[in-house]
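Below is one structure, written out as structure tokens; comments come after it.
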Amino acid sequence: MSPSAETSESAPAPQRPTSSRIPKIPFWVQILTGLALGVLLGWVAKSGDVGWLTTTLQHIGDLFVQLLKLAVAPLVFFAILVSITNLRQVNNAARLASRTLLWFMVTSLIAVAIGLAIGLLSNPGAGTGLTPKDGKLPDHAGSWIDFLTGIVPTDIITPFTELNVLQIVFMAAVAGIAALQLGEKAEPVLALSRSVLELLQKALWWVIRLAPIGTVGLIGNAIATYGWNLIGKYATFTVDIYVGCAIVLFGVYPLLLSTVAKVNPLQFFRGAWPAIQLAFVSRSSVGTMPVTQQVTQRLGVPREYASFAVPFGSTTKMDGCASIYPAIAAIFIAQIFNVDLGIGDYLLIAFVSVIGSAATAGLTGATVMLTLTLSTLGLPLEGVGLLMAIDPILDMMRTATNVAGQAVIPILVSAREKLLDRDAYNGARSISPDTAAAEEAEATASVPAPAAA
């Protein structure tokens, strides 16, 4: 027997080290824990009048939102620019883009119709005890003139410093189309844009990991500041918004998935749930965009098309904020101010919801969209002040509905165009942000740059 063999036989077998690591807590459990802790701390701060706790919760929530907003402007610009250039890798790109926009409009009409029906049936403004004196003018109001003229920026810096997402989308679209026209000459700029986009997405994943802590601050501050009594005054209105969003989220979308895309709706929720729950907490469609894009791709939508449809939808597809909410809110405010609405007014609400949804721009809150609706109807803008206090609680469900729609439409279009990978869809599972980030980085690194036109 050789010495080496003897050594091999006499050496003890390697032992697998016993892991002493604490088991990893699923991300959805962290989110739910943050929700519960936020409610508890908010109740303690409100009932015990603990000022320092209320201030701490406010700072935690504000810091989380600020971190999300910090990445919004450059993320939107480079995501839209890169997504437009990626379309040249897809056959029938113009057809896909037009079908996507068409489905955005169709689902918006369905959502606003549901919102109007709920508002007319429930009379959310009746019996609240609120009067016109309780309202106040908003700091910023939207109008059609501002909306149309505000698309084109006066300079290239202000949209980024003032976070005017609509103008950023305009500049990114122009830059993307110009890059397509230039072809190979634009490739150095596109290579830099793709690198910057990867960097921004990586940094945003770090922020997303803080979502459970941000949840504690956002929910806790809402409870500590406004309490349950305020929610009681707006009980019917709050229930209307949540019911309307739930009908769209768990009724309309599954119906479209089963009848139009011919896929299992339950599988959609299994795959898309990480994006939906993050949207509920963060109240930002744009902040959730990297997660939305990743889950959409895992549900079988081609990467090249998803990289266009999801960023585009994150800034324009707002069934919760731009359809259900302004429809019910307009009825609520009209009842408070004793203004009778007619058929023509309801048609105007539907028109504003379909055409003006880009005004919401994927940020937290839907004040601009509401003021745009009220000004179109001739309703007092002071009505916005009636809803500002309750807005954070409403915005969670609205944003979750927005993001779900932003994932549903690419699936519908891909299925209709026979691009959907049904095996991938049926095999999709819920993932944590860490897993999604790793897969996104790996997928991005493995995809070659688009060939010059």
Side-chain angles (χ1 to χ4, degrees), residues 24-72 139 204-235 237-242 245-246 249 273-288 291 320-321 325 362-367 384-403 432-434:
K24 187 175 181 180
I25 302 175
F27 189 67
W28 66 269
V29 174
Q30 298 177 36
I31 293 291
L32 290 180
T33 303
L35 282 169
L37 184 59
V39 170
L40 176 61
L41 293 178
W43 175 78
V44 170
K46 182 68 175 179
S47 61
D49 195 20
V50 186
W52 67 266
L53 181 55
T54 302
T55 302
T56 301
L57 292 171
Q58 180 183 359
H59 288 329
I60 292 174
D62 289 347
L63 182 60
F64 177 68
V65 173
Q66 288 173 13
L67 287 172
L68 283 176
K69 288 186 174 182
L70 184 64
V72 163
D139 295 332
L204 190 57
W205 283 117
W206 296 339
V207 177
I208 289 172
R209 289 299 304 150
L210 298 175
I213 300 176
T215 302
V216 175
L218 291 170
I219 301 300
N221 181 57
I223 300 298
T225 303
Y226 305 122
W228 301 110
N229 293 334
L230 180 68
I231 299 177
K233 287 186 178 181
Y234 295 86
F237 181 75
T238 302
V239 170
D240 283 355
I241 297 298
Y242 270 74
C245 289
L249 180 57
W273 196 249
I276 296 173
Q277 70 176 1
L278 181 61
F280 185 86
V281 172
S282 68
R283 299 167 46 215
S284 173
S285 296
V286 173
T288 311
V291 185
C321 291
Y325 175 67
L363 298 176
T364 54
T367 303
V384 177
L386 293 170
L387 302 175
M388 291 302 294
I390 201 71
D391 190 75
I393 296 173
L394 304 177
D395 202 28
M396 294 185 293
M397 188 62 174
R398 292 187 318 227
T399 308
T401 306
N402 295 342
V403 167
S432 69
D434 288 340

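Any value given below was found using the heavy atoms of this structure, including those in side chains, with hydrogens, waters and symmetry copies removed.
Across every non-hydrogen atom of V50 and V44, the tightest pair is CG2-O, 3.9 Å. Heavy-atom minimum distance, A211 versus L278: CB-CD1, 3.6 Å. Closest approach of G320 and N402 over heavy atoms only: N-OD1, 2.7 Å. The two atoms that bring G287 and I208 nearest to each other are O-CD1, 4.1 Å, heavy atoms only. Of all heavy-atom pairs spanning L35 and F280, the tightest one is CD2-CE2, 4.2 Å. Of all heavy-atom pairs between M397 and L249, the closest is CE-CD2, 4.2 Å.
Remark: L37 engages L41, V216 in a side-chain contact (heavy atoms from CB on, under 4.5 Å) (not counting sequence neighbours). Shown here are the side chain to side chain donor-acceptor pair (under 3.5 Å) partners of T288, two or more places apart in sequence or in another chain: S282. In terms of the side-chain contact (heavy atoms from CB on, under 4.5 Å) criterion, residue partners of V239 (sequence neighbours excluded) are, by chain and number, V243. Partners of A36 under the side-chain contact (heavy atoms from CB on, under 4.5 Å) rule, at least two apart in sequence or in another chain, do not exist in this structure. A search for side-chain contact (heavy atoms from CB on, under 4.5 Å) contacts involving T54 returns A45, N221, A224, T225, not counting sequence neighbours. In this view, F64 satisfies the ring pair (Phe, Tyr, Trp, His ring centres under 6.0 Å) rule with no residue, not counting sequence neighbours.
With a 4.5 Å cut-off on side-chain heavy atoms, C321 and D395 count as touching. Counting heavy atoms from C-beta on, the side chains of T399 and S284 never come closer than 4.5 Å. Annotation: side chain of Q30 is not in contact with side chain of T215 (no heavy-atom distance under 4.5 Å).
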Inset, instruction - Apply side-chain contact (heavy atoms from CB on, under 4.5 Å) to Q277 and L32, showing your working. - result: CA-CA 9 Å; Q277 70 176 1; L32 290 180; over 6 Å; no
Legend entry - Steps toward side-chain contact (heavy atoms from CB on, under 4.5 Å) verdict (L387, F237): CA-CA 10 Å; L387 302 175; F237 181 75; 3.7 Å; yes
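Between the CZ atom of R283 and the CD1 atom of I393 there is a distance of 10.0 Å, given to the nearest 0.5 Å. Expressed to the nearest 0.5 Å, how far CG of L67 lies from CG of L63 amounts to 4.5 Å. Distance OH/Y325 to CG/D391: 5.0 Å, rounded to 0.5 Å. Here L218 contributes atom CG and I213 contributes atom CD1; the two are 12.0 Å apart, rounded to the nearest 0.5 Å. From L70, atom CG reaches atom CG of L204 across 10.0 Å, with rounding to the nearest 0.5 Å. Taking CZ from R398 and OG1 from T401, the interatomic distance works out to 10.0 Å, rounded to the nearest 0.5 Å.
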